[in-house]
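Step one of this worksheet: look at the structure below.
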Amino acid sequence: MDLNNLPDNPYFLLTPGPLSTTKSVKAAMLRDWCTWDDDYKSIVQEVRSGLVELAVKDTENYTAVLMQGSGTFSVESVVGTMMPKNGKLLVLTNGVYGNRIGQIAEVLNIDTIIQDSGEIYPVDIEKLEATLEQDKAITHVAVVHCETTTGRLNPIEKIAPVVKKYGKTFFVDAMSSFGGVSIDMEKLDIDFLVSSANKCIEGVPGFGFIIAKKSAMQGIKGQARSLSLDLFGQWKTMDDDKGKWRFTSPTHVTRAFHQAMKELEAEGGIEKRAARYRENHRILVDGMRKIGFKTLLPDEDQAPIITSFYSPTEEKYNFNEFYDKLKLKGFVIYPGKVTNVDSFRIGNIGHIFPEDMAGLVKAIEEVVFWK
Ligand SMILES: *Cc1c(COP(=O)(O)O)cnc(C)c1O
């Protein structure tokens with residue numbers, strides 16, 4: 001392979017992670033690194049402080065911890081470490097990822113209540129308040145921000161004040177939104193927030209990260225239900241040993257993420273990236289509606305990250321054929337995940353621009369074979 005002339009991607013990944021990344025992010029992986037040497041550890045520390053700076057202004061009182069594995073491993077490390085033995089978790093869910101938080105809690109034998117709104121409906125905030133009023137044993141509340149199952153943006157700015165009115169610890173799975181949608185972690189008083197390398201920061205998969213209030217982290221010592229996913233243990237080692245992970249870290253992925261963070265800054269930060277994603281999303285939805293597609297969710301509930309569309313009802317339509325034809329034109333889309341509704345999804349995050357989304361809409365127009 002000629003390293004000075006690396007191949008372009010054969011298609012855009014319109015899947016919300018892994019997603020299309022820049023060549024410079026991928027090129028950052030073309031070097032081997034020690035896990036314990038200062039050269040590498042200083043990169044880890046820059047990533048950690050950079051994440052805190054992306055999340056809050058009051059950087060003194062917050063910290064970031066990186067955790068090996070896919071995003072779910074980070075969610076599991078938070079759930080399994082933040083919950084005290086006699087704690088009780090309330091999970092608000094309207095999709096696969098909210099349900100997954102509940103499954104993790106169940107596997108870990110954590111006392112849990114699930115408030116399930118169903119996949120295509122919003123979180124019932126009055127019911128949340130009634131539950132917190134009535135069940136004083138609840139100590140923690142968890143919710144997914146952008147529910148990637150459908151593309152719904154759950155209104156954490158309305159949920160947080162209720163959770164905090166009752167003095168509960170608040171955990172937000174912002175996996176597919178952090179970096180691509182502004183989140184005011186301080187104002188919302190979020191205790192633990194999770195995201196991963198391969199979503200809106202536009203890195204490659206291999207680790208997740210937890211941004212948390214230091215005061216919340218200090219309270220979780222000794223509570224872990226797993227050795228490798230002990231959030232407190234990971235934090236202590238990263239802090240005390242200045243960037244060392246407890247166990248072998250994904251060195252190349254971390255280096256790529258460090259580069260991705262520089263590129264986010266060069267783009268103008270989260271506000272600018274969020275504006276690009278919103279524009280990508282607008283071109284997608286406007287174009288799809290012109291062709292005749294309908295979105296699953298009303299616009300006001302929709303995150304500018306990934307969009308679910310109803311499948312065409314014509315008999316000749318079939319997802320696999322649609323997928324293959326689009327892939328040949330340079331675009332990979334995503335199957336639907338909603339039970340009982342025939343749908344498909346298109347992501348608009350990653351190193352993708354409005355002109356690419358316009359190209360996608362044109363490709364879809366050319367591909368329509370079911371009418
Ligand atoms: C991607 C994602 C996750 C993590 O999924 P992994 O497959 O473990 O990376 C969790 N929650 C949400 C909302 C996600 O979009």
Side-chain angles (χ1 to χ4, degrees), residues 13-21 65-80 82 89 91-105 107-108 114 116-117 119-120 122-123 141-156 159 170-181 183 185 190 192-211 226 228-229 231 250 253-254 256-257 260 274 277 281 296-297 301-308 332-338 343 345-350:
L13 298 184
L14 303 176
T15 53
L19 35 65
S20 297
T21 59
V65 183
L66 315 184
M67 185 61 80
Q68 294 94 331
S70 82
T72 303
F73 292 61
S74 288
V75 173
E76 187 154 346
S77 83
V78 172
V79 173
M82 75 175 178
L89 177 65
V91 181
L92 308 174
T93 180
N94 44 15
V96 169
Y97 295 100
N99 294 347
R100 190 174 296 173
I101 298 176
Q103 281 167 353
I104 289 170
V107 167
L108 298 178
I114 311 282
D116 187 353
S117 308
E119 285 165 329
I120 53 175
V123 171
V141 178
V143 73
V144 174
H145 189 211
C146 171
E147 181 46 84
T148 318
T149 313
T150 50
R152 174 183 297 278
L153 196 63
N154 281 315
I156 49 175
I159 296 167
F170 192 29
F171 166 40
V172 177
D173 170 351
M175 203 72 68
S176 61
S177 57
F178 183 77
V181 175
I183 301 173
M185 199 175 163
I190 297 169
F192 299 93
L193 178 145
V194 164
S195 183
S196 72
N198 57 287
K199 300 232 163 143
C200 296
I201 310 280
E202 302 183 4
V204 303
F207 71 88
F209 53 88
I210 296 95
I211 304 173
S226 151
S228 51
L229 296 176
L231 178 57
V253 175
T254 305
F257 189 75
Y277 287 172
H281 178 255
L296 179 76
L297 299 179
D301 293 352
Q302 175 69 55
I305 303 286
I306 182 167
T307 309
S308 298
V332 163
I333 63 167
Y334 220 38
K337 221 174 192 173
V338 179
S343 61
R345 293 176 293 170
I346 300 181
N348 58 262
I349 60 176

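Note that the structure is predicted; figures quoted are calculated from it, not measured. Both counts, for ligands and for their atoms, begin at 1 and track the order of listing.
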Side chain of Ser196, backbone of Met175: donor and acceptor closer than 3.5 Å? no
Looking at Ser176, which atoms of ligand 1 are within less than 4.0 Å of one of its heavy atoms? 15 (O)
Judged by non-hydrogen atoms, does Asp173 sit under 4.0 Å from ligand 1? yes
Check: Thr15 side chain, Pro18 main-chain N or O, donor-acceptor pair, under 3.5 Å: yes
protein heavy-atom neighbour closest to atom 3 (C) of ligand 1 works out as Met175 CG, 3.4 Å
Under a 4.0 angstrom heavy-atom cut-off, which atoms of ligand 1 come close to Thr148? 12 (C), 13 (C), 14 (C), 15 (O)
Side-chain contact test, heavy atoms from C-beta onward, threshold under 4.5 Å: evaluate it for Ile346 versus Thr307 and give yes or no. no
Taking distance alone, with no angle check, do Ser70 and ligand 1 share an N/O pair under 3.5 Å? yes
Just heavy atoms, cut-off under 4.0 Å: does Arg100 contact ligand 1 by side chain, backbone, both, or neither? side chain
For the backbone of Arg345 and the side chain of Ser308, can you confirm whether one donor and one acceptor N or O come within less than 3.5 Å of each other? no
Measuring from the heavy atoms of Cys146, does anything fall under 4.0 Å of ligand 1? yes
Side chain Thr93, main chain Asn99, donor-acceptor under 3.5 Å: yes
Between Gly71 and ligand 1, is there a nitrogen or oxygen pair with a distance under 3.5 Å? yes
Give the atoms of ligand 1, by number and element, whose distance to some non-hydrogen atom of Val144 is under 4.0 Å. 13 (C)
Where ligand 1 meets Thr72 - atom numbers and elements under 4.0 angstrom, heavy-atom basis: 4 (C), 5 (O), 6 (P), 8 (O)
Check for a donor-acceptor pair, side chain of Asp173 on one end and backbone N or O of Ala142 on the other, with a separation under 3.5 Å. no
Side-chain (Asn154) to main-chain (Val144) donor-acceptor, under 3.5 angstrom: yes
among protein heavy atoms, the one nearest atom 1 (C) of ligand 1 is Lys199 NZ, 1.4 Å
Check against side-chain contact (heavy atoms from CB on, under 4.5 Å), Leu231 and Met82: CA-CA 8 Å; Leu231 178 57; Met82 75 175 178; over 6 Å; no
